[in-house]
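Read through the structure below, which is laid out as structure tokens, and then see the notes.
By convention in this document, chain letters (A, B, ...) are assigned in the order of the sequence lines, proteins followed by strands, and residues within each chain are numbered from 1.
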2 protein chains.
Amino acid sequence: MAAPRAPCRIGDALCDIDTPALLVDLDKLEENLKTMPRTLEKYSNLKLRPHAKSHKCPTLAKLQVSHGAVGVCVQKLTEAEAMVHGGVEDVLVTNEIVSRSKLTRLMSLARLATVSIVADSQQNVRDLSDAAHRMGVNIGVLVDVNVGMPRCGVLPGPEVVKLASLIQTLPNLTFKGLHCYQGSNQHIRKAAERAGATAEAVDKAAAALKALEDEDIKCDYVTGGGTGTYMYEASSGVFTEVQPGSYVFMDADYGRNFGEDGQPVHQFHQSLFVLATVQSVPEGNRAVVDAGLKALSMDSGVPLVYPNTDIVYHCGGDEHGVLVPPGSYKIGDQVWLIPGHCDPTVNLYDWLVGVRGGRVEALWPITGRGPGV
Amino acid sequence: MAAPRAPCRIGDALCDIDTPALLVDLDKLEENLKTMPRTLEKYSNLKLRPHAKSHKCPTLAKLQVSHGAVGVCVQKLTEAEAMVHGGVEDVLVTNEIVSRSKLTRLMSLARLATVSIVADSQQNVRDLSDAAHRMGVNIGVLVDVNVGMPRCGVLPGPEVVKLASLIQTLPNLTFKGLHCYQGSNQHIRKAAERAGATAEAVDKAAAALKALEDEDIKCDYVTGGGTGTYMYEASSGVFTEVQPGSYVFMDADYGRNFGEDGQPVHQFHQSLFVLATVQSVPEGNRAVVDAGLKALSMDSGVPLVYPNTDIVYHCGGDEHGVLVPPGSYKIGDQVWLIPGHCDPTVNLYDWLVGVRGGRVEALWPITGRGPGV
């Protein structure tokens with residue numbers, strides 16, 4: 001099985017890119033990379049650890065590190081492997097890993113880089129210790145706390161203490177701190193409601209910290225927050241690190257968030273696009289493009305046509321999008337689309353095409369792509 | 001960029017498969033491969049050309065050919081390349097290809113295998129002829145007819161005649177016939193309504209044929225029909241070839257179609273599964289598995305838990321599924337899920353894991369996977 005082909009060559013004009021292709025506007029990306037640490041300057045000792053689940057691309061992770069990040073978060077083992085093999089030196093896995101073969105692979109990474117992981121059960125903590133012992137490595141473990149999103153994590157309270165104590169007791173583990181991420185807050189539309197919901201998550205993180213303090217367990221590391229809420233976590237006095245991911249790219253869904261001024265949030269630029277080609281303009285009443293469900297994740301809504309905001313994209317199945325009205329599009333024209341949700345859209349592609357001034361300037365492999373395994 | 005890793009090795013027990021993984025039950029697959037041609041035996045001269053967009057795997061396409069198929073359909077160039085390079089000798093591209101570089105690639109394939117394609121505009125037909133001439137090959141072209149799905153295709157009538165004549169006139173092209181696929185009929189739930197809607201599509205295909213006949217243009221090839229309706233196209237007397245794809249795998253969405261007896265259609269077995277692992281059972285009220293939006297396409301609904309039909313899968317974001325109630329699942333248990341929609345779910349994976357008798361018996365690369373390019 002060969003490595004997947006790239007949609008173009010560096011130096012190509014945009015019209016020579018085979019579609020559908022995943023483009024990043026390098027000027028806008030670079031602005032986003034610079035803006036993020038600037039928004040955090042006022043909080044001393046607050047660390048930035050961007051979430052690489054958004055881009056799955058070690059080249060981009062390294063750029064984040066060169067812009068002040070302490071390392072990255074990842075959501076699964078294959079992303080961790082992509083990051084470490086791509087040269088990232090500090091990786092936090094913000095998800096539980098449970099099977100024996102995957103735990104062995106995780107510990108193998110811990111030989112090459114600083115790798116830490118979250119856990120939410122005594123069994124998993126024991127398995128982590130066994131695997132680390134077997135492989136002769138030490139690994140940092142954070143307690144995964146449920147701060148309002150009913151997925152993984154233990155409730156703030158005695159369970160946090162039990163797990164932290166167990167981590168401290170077992171060989172080859174180091175208790176690192178608390179993981180307190182509330183994903184569903186990120187897309188609450190109104191700023192005041194988003195702030196209120198985040199305040200609840202912060203209270204839960206504080207309760208977990210208090211439970212540890214009551215038992216004299218030292219904890220100086222609390223991490224969480226995404227692109228939609230990270231400013232609230234950053235200013236909370238409870239969190240010591242934030243994990244925004246989407247800010248490098250943004251997407252149509254984040255574009256529907258409003259700021260405190262009641263206007264759409266525009267702190268970060270839309271830098272990510274799917275480039276499509278018009279393949280048919282049937283009956284003159286629609287333009288059909290070559291990007292459907294296999295080129296765009298529609299879980300958070302359809303993509304927007306850029307910059308023609310009066311033209312609406314309708315999903316035409318696996319391989320097609322139907323643009324209505326067709327505007328002045330003719331067969332062969334390229335169309336820029338803003339994905340509804342960046343993370344799972346990026347996941348469909350093997351290459352990120354960096355463009356600037358109408359030319360392809362970079363081709364970055366998305367080596368963390370895929371369902372996992 | 002290395003080729004993507006496989007989730008297991010041939011010979012492994014199921015419990016050794018890293019998850020999420022895409023499994024096919026080989027016994028059930030083989031039944032489906034045998035059943036399809038059997039259902040068509042009574043129609044003399046009717047050809048079977050399965051749609052490979054469902055599996056994107058040349059190994060499986062070759063199995064279809066060895067079970068009586070004349071070749072396969074594909075929905076884009078990268079699928080065509082995967083099929084031809086994987087040894088399939090007759091490939092029909094059921095979609096318009098328009099850019100210069102892709103047309104060149106298409107003609108390059110036409111040197112290696114019998115490749116034909118559909119077109120729905122004069123410009124595209126001219127471009128096909130130019131590209132074929134440039135590359136010194138001949139290619140068969142079908143007129144793409146809109147038989148009721150407002151996507152690509154020309155309306156049955158004078159446009160069909162114009163395009164067929166142009167194909168006959170231009171160098172390096174051969175007029176092959178009519179492409180008349182109506183995708184949205186496939187999932188109409190009630191058999192009588194599905195039959196009625198297909199009768200309308202058949203009438204439109206017949207009208208397109210009549211328009212050609214009136215102008216003395218010979219046409220002995222009409223192709224279309226999917227897993228939901230192909231029996232109606234097969235018995236129509238108008239279609240000479242059917243293109244079912246999903247029948248090899250089936251999915252939860254097809255499982256909601258009813259047959260003429262008012263019962264769920266069960267002509268074909270569910271052979272495709274996503275294997276997931278329980279990573280957390282928080283508070284005892286839910287089990288969280290490691291398969292979310294990056295492992296399962298949810299465009300046609302969430303996956304079903306197999307065989308526990310009382311346990312409901314809720315999407316937990318990109319990497320998680322939340323099972324409620326948790327049943328007796330504990331951390332580390334593997335869970336079998338029936339995907340909502342097979343085609344875009346398969347598109348997320350690089351490997352298809354063939355299992356039989358509790359063991360991995362085959363590992364097939366899904367070389368046609370990807371957004372296209």
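Here the options are B/R105, B/K76, B/R100, B/K102, the test is salt bridge (Lys or Arg N to Asp or Glu O under 4.0 Å), and the partner is A/D18; only B/R105 passes.
By the 4.0 Å N-to-carboxylate-O rule, A/D350 lies close enough to B/R369 to be salt-bridged with it. In this structure, A/E319 does not pair ionically with B/K53, as no charged nitrogen and carboxylate oxygen lie closer than 4.0 Å.
When each of B/H320, B/H341, B/E96, B/M149 is scored by its heavy-atom pairs under 4.5 Å with chain A, the top score falls to B/H320. For the set A/E283, A/M298, A/H314, the count of heavy-atom pairs under 4.5 angstrom toward chain B peaks at A/E283. Note: A/D343 leads A/I97, A/D343, A/V322, A/T277 in heavy-atom pairs under 4.5 Å with chain B. Counting heavy-atom pairs closer than 4.5 Å to chain A, the top residue among B/A119, B/A291, B/P150, B/C8 is B/P150. For the set B/Q334, B/K294, B/K330, the entry with the most heavy-atom pairs within less than 4.5 Å of chain A is B/K294.
Contact of B/L155 with chain A is made through the side chain alone, with heavy-atom distances under 4.5 Å. If you measure heavy-atom distances from A/V281 to chain B, you find no contacts under 4.5 Å at all. Looking at B/Q279, both its backbone and its side chain come within 4.5 Å of chain A, counting heavy atoms on both sides. Within the 4.5 angstrom heavy-atom criterion, no atom of A/N285 approaches chain B. Of the atoms belonging to B/N124, not a single heavy atom falls under 4.5 Å from chain A. Contacts between A/V154 and chain B at a heavy-atom distance below 4.5 Å are absent for every atom of the residue.
B/S99 contributes atom OG, which lies 12.5 Å from atom CD1 of A/I331 (distance to the nearest 0.5 angstrom). Summarising the geometry, atom CG belonging to B/L293 is positioned 7.5 Å from atom OG belonging to A/S300; distances are rounded to the nearest 0.5 Å.
A/V278 and B/V98 get closest at one heavy-atom pair: O-CG2, 3.6 Å. A/C152 and B/P282 get closest at one heavy-atom pair: CA-CG, 4.1 Å. Closest approach of A/P20 and B/P371 over heavy atoms only: CG-O, 3.0 Å.
In terms of modelled atom types and a separation under 3.5 Å, the side chain of B/R286 and the main chain of A/R151 share a donor-acceptor contact.
A/D318 and B/Q75 are not linked by any side-chain donor-acceptor pair at a separation below 3.5 angstrom, with hydrogens and angles left out of the test.
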